[in-house]
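In this chain, residues are counted from 1 in sequence order.
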Amino acid sequence: MRQSNNEPLKEKHFYWMKQAIEQAKKAATRGEVPIGAVLVDLESGEPLSSGFNRPIGGNDPTAHAEIVALRQAAKLRKNYRLPGTALYVTIEPCTMCVGALVHARVDLVVFGAREPRAGAVVSSRQLSEESFYNHRLSYLEGIMAEECGAVLTDFFERKRNLN
């Protein structure tokens, strides 16, 4: 999906990405890799859920920010399908998260920075383009990419300096 020149749409993307960055910062304060996500209902424009990485604290390898947000929204809607939604996430989703987004029928994933080693939307894999899925996941990348990447870089720099 290409970035729109529609200014109100861009402003919405920036607004929700800022919310995702705030979620990422919560993860960092808990010693988790700082990735944050916000799931938004596309029709109402209202947030459904949010999440941040918590696999360490939760002893749960699947507790990525995206999965946390999907689980909350599925409980809220009482349905594991979440059509008509957009997920804003600070870093490009991994293979597991792309699979969950497809199975949940999320319409759009908007991510800030690429994840060159494990990103499964455009970087190491392009899973959203695979024909074997029965749902098409659209994506928009690069919204506040520098800010999103900086949260991650700062976290690992601080972690290295402490060791």
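Here the CD-CD1 distance, from Glu141 to Ile143, works out to 9.5 Å after rounding to the nearest 0.5 Å. A distance of 10.0 Å separates CD of Glu147 from CE of Met17, quoted to the nearest 0.5 Å. Atom CZ of residue Phe52 and atom CD1 of residue Ile21 lie 16.0 Å apart, to the nearest 0.5 angstrom. The CZ atom of Arg54 lies 12.5 Å from the CD1 atom of Ile67; values are rounded to the nearest 0.5 Å.
Between Pro34 and Ala28 the shortest heavy-atom distance is CB-CB, 3.9 Å. Among all heavy-atom pairs drawn from Ala63 and Pro55, the shortest one is O-CD, 3.3 Å. Residues Gly149 and Ala113 share a closest heavy-atom pair of N-CB, 4.0 Å. Scanning both residues, Ala65 and Gly51, for their nearest heavy atoms gives CB-O, 3.7 Å. Here the closest heavy-atom approach between residue Gly31 and residue Phe155 is recorded as O-CZ, 3.8 Å. Here the closest non-hydrogen pair linking Ala145 and Gly112 is CB-O, 3.4 Å.
Within the 3.5 Å criterion, the main-chain N or O of Gly36 finds a donor-acceptor partner in the side chain of Thr90. At distances below 3.5 Å, not a single donor-acceptor pair connects side-chain atoms of Asp41 with backbone N or O atoms of Thr85. The backbone N or O of Lys26 sits less than 3.5 Å from a side-chain atom of Arg30, completing a donor-acceptor pair. A donor-acceptor pair is defined here as one N or O able to donate and one able to accept, closer than 3.5 Å; such a pair exists between the side chain of Glu32 and the backbone of Ile56. Judged by distance alone, with hydrogens and angles left aside, the side-chain atoms of Ser49 form no donor-acceptor pair with the main-chain N or O of Gln72 at under 3.5 Å. Asp107 contributes a side-chain N or O that, together with a main-chain N or O of Gly84, makes up a donor-acceptor pair within less than 3.5 Å.
Counting heavy atoms from C-beta on, the side chains of Leu82 and Leu70 come closer than 4.5 Å. Ser50 places a side-chain heavy atom less than 4.5 Å from the side chain of Val38. Side-chain contact check for Leu39 versus Pro47: every heavy-atom pair is 4.5 Å or farther apart. Side-chain contact between Val40 and Leu48 is absent, with no heavy atoms from C-beta onward closer than 4.5 Å.
When each of Val122, Ile91, Leu87 is checked for a side chain to side chain contact (heavy atoms under 4.5 Å, CB included) with Phe111, only Val122 meets the rule.
Contacts of Ala86 classified as side-chain contact (heavy atoms from CB on, under 4.5 Å), with partners at least two apart in sequence or in another chain: Leu42, Tyr88, Leu108. Partners of Lys25 by salt bridge (charged side-chain N to carboxylate O under 4.0 Å, His left out), not counting sequence neighbours, listed by chain and number: Glu22.
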### Message
If you apply the rule side-chain hydrogen bond (donor to acceptor under 3.5 Å, both in side chains), what do you find for Glu92 with Ser123, and how did you get there?
### Response
CA-CA 8 Å; Glu92 179 182 1; Ser123 295; 2.5 Å; yes
#### Entry: From CA spacing to verdict: side chain to side chain contact (heavy atoms under 4.5 Å, CB included), Glu157, Leu152
CA-CA 9 Å; Glu157 282 179 5; Leu152 203 59; over 6 Å; no
#### Entry: Chi angles and distances behind the side chain to side chain contact (heavy atoms under 4.5 Å, CB included) call for His64, Val68
CA-CA 6 Å; His64 289 195; Val68 171; over 6 Å; no
#### Entry: Trace of the side chain to side chain contact (heavy atoms under 4.5 Å, CB included) decision for Asn134 with Arg105
CA-CA 9 Å; Asn134 59 0; Arg105 305 297 194 263; 3.4 Å; yes
Which donor-acceptor pairs under 3.5 Å do side chains of residues 96-104 form with protein atoms, sequence neighbours excluded?
none

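Look at Asp154 and Lys159 and you find no salt bridge, because none of the NZ, NE, NH1 or NH2 atoms lies under 4.0 Å from a carboxylate O.
In Arg77, the CZ atom is crowded: over 12 heavy atoms of neighbouring residues, nucleotides or ligands sit closer than 6.0 Å. Heavy-atom contacts from other residues, nucleotides or ligands closer than 6.0 Å to OH of Tyr80 number 12 or fewer.
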